[in-house]
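In what follows, chains carry the letters A, B, and so on, assigned in the order in which the sequence lines appear, proteins first and then strands, with residues in each chain numbered from 1.
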Number of protein chains: 2
Amino acid sequence: LKTLVVQIRDNAYPLFVGDRALPEAGVLLSSTGFSSAPIVITNETVMRIHGRALFRSLREGFGTPSRIIIGDGERFKNRATLSRIHDGMFEARADRHSWVVAFGGGVVGDIAGFAAATYMRGIRFVNVPTTLLAQVDSAIGGKVGINVPQGKNLVGAFHQPQAVLSDTTVLRSLPQREMAAGLYEVIKCAAIRSEPLLAFLENSVTGVLEHEPCALEHVVLETARIKSLIVAADEREKDIRMLLNFGHTIGHALEAATSYRRFKHGEAVAWGMVAALGVGAEAGLSEPDHCSRIVDLIHRVERLPSLNGISFDRVWSALQRDKKAYSGAVRMVLLRSIGEPEIRSDIEPSCLRRFVRRFLANGGRLG
Amino acid sequence: LKTLVVQIRDNAYPLFVGDRALPEAGVLLSSTGFSSAPIVITNETVMRIHGRALFRSLREGFGTPSRIIIGDGERFKNRATLSRIHDGMFEARADRHSWVVAFGGGVVGDIAGFAAATYMRGIRFVNVPTTLLAQVDSAIGGKVGINVPQGKNLVGAFHQPQAVLSDTTVLRSLPQREMAAGLYEVIKCAAIRSEPLLAFLENSVTGVLEHEPCALEHVVLETARIKSLIVAADEREKDIRMLLNFGHTIGHALEAATSYRRFKHGEAVAWGMVAALGVGAEAGLSEPDHCSRIVDLIHRVERLPSLNGISFDRVWSALQRDKKAYSGAVRMVLLRSIGEPEIRSDIEPSCLRRFVRRFLANGGRLG
């Protein structure tokens, strides 16, 4: 079991990564300063597959936890579920000293974290992410929230957890497509910040996808480390944290243009990174060798859902909506070279327009 | 116009108090770093009486503000109104750089502040309180939130404003009972922290109630100063901030026992202070002279709604519910002398029980 200390402002919390995190949760969290039994928020799927290990361990450490079961899926990350969680917390007689365990993927982490952030003006929570994407991305950084009809994650808060426990063995139960979706975010972090991690992935992508324990532990820990350093430098996303949006501008537009049905978020980001590298190459900004290393790696992970039949107009108008948020120009993260990202809002609209049209027509092949 | 700088952690914001705060809002806030037009959240009553002055001034400073009108009264401080406010913010195309002006009493400040705290994970807000209670109490300290069926203010956050503008002339439109309710919180702050403010009130209570400008300005500024120092020492209410609960233990119980219908919050706190002084006197803790100064001052403000017919059992069971929140004992703030409060959780239940029964039977007269 490896430990990384995440330091955000004057708060520090431990991130535990390894293949024994669930069965040792009780012991690990006792040493983190918890005493009473927590309220575990999870969904039925996670509860059925991994519930026993976590609950046994928490029970030994703290007595029997309460539990709140929410629906499984992004469409449950809404106001109604938030109210239900709060109701469950009142029923469990939670007070200001109670604590919550978010046990599941990104949806559970986001909504349970937001429920904790707003219950009695904020109580403590621990994140126990059970997907690769959540372990390397959403569980790190303190962004919590819900979706509203106007868009995803538009109501929320910043609320840092007291601890994150990432058990790498739980990932064995993930469908391959979910593993891949998480791995694209790993590639994103490597691309913007760490050539060594990218090189490691080039050697070990198969091992990671086959749940080779050491490879997986290394990847989760390193990606979490990169993300936490970026978050520590800029918790509220004023500048540096935006670098994490590499691949997200066109990625989001692809998701929106397909009504969030065709792609998993990581897959859309993967296409978005390929596109951003293409834009950078056309602008003469990105080093061709570095571009092709990243694009090749992305395509080695798994076959991405195709771009066939996606309407250019819908992609373009989604990009325009994004634009409004930044008063005027489309803002994209481009890559000079591995580890050297750059936020650009001076991309010529007509060039971008031409590029996106061609990118879709070519099915995502560059050049 | 007086300015007080409130320092909470590494943030500092100005509190402007005076009789020209509304007409100068545009100028004052331009100098505080705002540029775009804000979204004003208010209710119809406040809008009708004071809207013109604020909107003219904001319009001159920033262009025409958007507005969101919510229902007038505590019963609108709920989840449905919060959703409506967020919807209005989306409609006004608010982004992460937008800002909100909470324009009204405590209800507006609490819910508009919470809407700002959770819109896109938190945007800036300015508080323009229009009641005495809000100016001296709820607008200071960053507590924001809503009521839920399980109780008042149980869902919320800590979100400090960027500025507070307290215009003392708007208080002229307040019913006398509202003025009195605010003044009890002033007396509370004086009792726990400032003999000079208490002495000032003994001399000037009539002037304050008659809106004598200098007296009012002094009282608002001094009370805000006391509260902000206490909050600065303990933003998250771990210890010192609890001193502000002087009068609130039995006060809350009286409100609950009368289903929040008979008393305004400040009035219940006034009775709660009298009771807490009585408990302190019986325990031999409170100095009799100091007790009677405070009790006399309270009764000089206005005639408090009577305690007639309030069921002892309901008061007692409300106190027991409060107790659960603090694992075991009823916790009360008692007063040794003016400026010397003390948090006690060792009050003998049988003594307290006897005291409360007698207090109700005697109509709130001590000794």
Heavy-atom pairs under 4.5 Å with chain A - which of [options] has more of them than the others?
{"options": "B:S83, B:A115, B:G145", "answer": "B:S83"}
{"options": "B:M120, B:R9, B:K143", "answer": "B:K143"}
{"options": "B:P149, B:G151, B:G156", "answer": "B:G156"}

Above 12 or not: heavy atoms from other molecules or residues under 6.0 Å from CD of B:E91? no
Does a sphere of radius 6.0 Å around CZ in B:R75 hold more than 12 heavy atoms from other residues, nucleotides or ligands, not counting ones at 6.0 Å or beyond? no
Contacting region of A:V148 [heavy-atom separation from chain B under 4.5 Å]: side chain
Got a sec, which pairs hit salt bridge (Lys or Arg N to Asp or Glu O under 4.0 Å) with one end in residues 109-121 of chain A, sequence neighbours left out? A:K77-A:D110
Could you tell me whether the side chain of A:Y119 reaches within less than 4.5 Å of the side chain of B:L154, counting heavy atoms only? no
What closest approach, in Å, do B:E237 and A:R96 show between heavy atoms, and which atom pair accounts for it? O-NH2, 2.6 Å
